[in-house]
Amino acid sequence: GAVVSQHPSRVICKSGTSVKIECRSLDFQATTMFWYRQFPKKSLMLMATSNEGSKATYEQGVEKDKFLINHASLTLSTLTVTSAHPEDSSFYICSARSRYEQYFGPGTRLTVT
Amino acid sequence: AQSVTQLGSHVSVSEGALVLLRCNYSSSVPPYLFWYVQYPNQGLQLLLKYTTGATLVKGINGFEAEFKKSETSFHLTKPSAHMSDAAEYFCAVSGSNSGYSTLTFGKGTMLLVSP
């Protein structure tokens, strides 16, 4: 099946700094990628839909100025958490849509100290 | 709009026993239904999906699920649990009009397998 990678897998940053997470579709082109957030023992919450070459569509309640999404190519989307705070600590998962399904990345564990 | 309800946040079975994880959905359009498995600190892996056609769907690792429209259910089963099946399982739905976009997930069921 198709492969989606995320980098980094884990990141620890200090409060107030920014962190960039990359999501790549390795063997297919994805015009649409999705970013999810998963809290401990909770389900996945869709944060935003990322469309190549256009602005991301954010879900209600997600701060677009805090969670910057860029989808510059058909194989790469990035999520930048700006001015991170401890409450932003979470597991972030991306997915890439092919014609037949969504393929999920392995996730990025963000810890803000 | 779609929603998913997974009954039971935790299900415990013995190795070799039947696995049954329940999922009920709500959808205003014909649904696409999915089961995903998540191992600790990993992303989601697709177990199986229903789009159209046969209502009994077979997936990987011996899992299967049956789409029952009259019951709005898509329960996941496996005849004999293995220790390696211990993981979190998520049921998800999307509208057939949106295909593989806009997945709505249930809250997940943790499957515990004891020797």
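Every chain is numbered from 1 and lettered A, B, ... according to where its sequence line falls, protein lines coming before strand lines.
The part of B:Q38 that comes within reach of chain A is its side chain, from C-beta onward, which places non-hydrogen atoms under 4.5 angstrom from that chain. With a 4.5 angstrom heavy-atom cutoff, B:Y39 does not touch chain A via any of its atoms. Contact of B:L46 with chain A is made through the side chain alone, with heavy-atom distances under 4.5 Å. B:F105 touches chain A through backbone and side chain together, each having a heavy atom under 4.5 Å away. The part of A:Q38 that comes within reach of chain B is its side chain, from C-beta onward, which places non-hydrogen atoms under 4.5 angstrom from that chain.
No more than 12 heavy atoms of other residues, nucleotides or ligands sit less than 6.0 Å from atom NE2 of A:H7. Other residues, nucleotides and ligands place more than 12 heavy atoms under 6.0 Å from the NZ atom of A:K66.
Note: the hydrophobic cluster containing B:V13 does not contain B:M110 (ILVMFWY, side chain heavy atoms under 4.5 Å, direct or indirect links). Under the 4.5 Å side-chain heavy-atom criterion for grouping Ile, Leu, Val, Met, Phe, Trp and Tyr, A:V81 is not connected to A:L46 through any hydrophobic cluster. Cluster annotation: B:L56 and B:V19 are assigned to distinct hydrophobic clusters (Ile/Leu/Val/Met/Phe/Trp/Tyr, side-chain heavy-atom contacts under 4.5 Å, transitive). A:Y58 and A:M33 fall into different hydrophobic clusters, where Ile, Leu, Val, Met, Phe, Trp and Tyr are joined by side-chain heavy atoms under 4.5 Å apart, directly or via other members. Linking Ile, Leu, Val, Met, Phe, Trp and Tyr residues whenever their side-chain heavy atoms come within less than 4.5 Å leaves B:L47 and B:Y32 in two separate clusters.
Using non-hydrogen atoms only and a strict 4.5 Å limit, the part of residues 88-95 of chain A facing chain B consists of A:F91, A:I93.
The closest side-chain heavy-atom distance from B:L103 to A:Y36 is below 4.5 Å.
A distance of 6.0 Å separates OH in B:Y36 from CD in A:E101, rounded to the nearest 0.5 Å.
For the residue pair B:L44 and A:F104, the shortest heavy atom distance occurs at O-CB, 3.5 Å.
The backbone N or O of B:G106 sits less than 3.5 Å from a side-chain atom of A:S43, completing a donor-acceptor pair.
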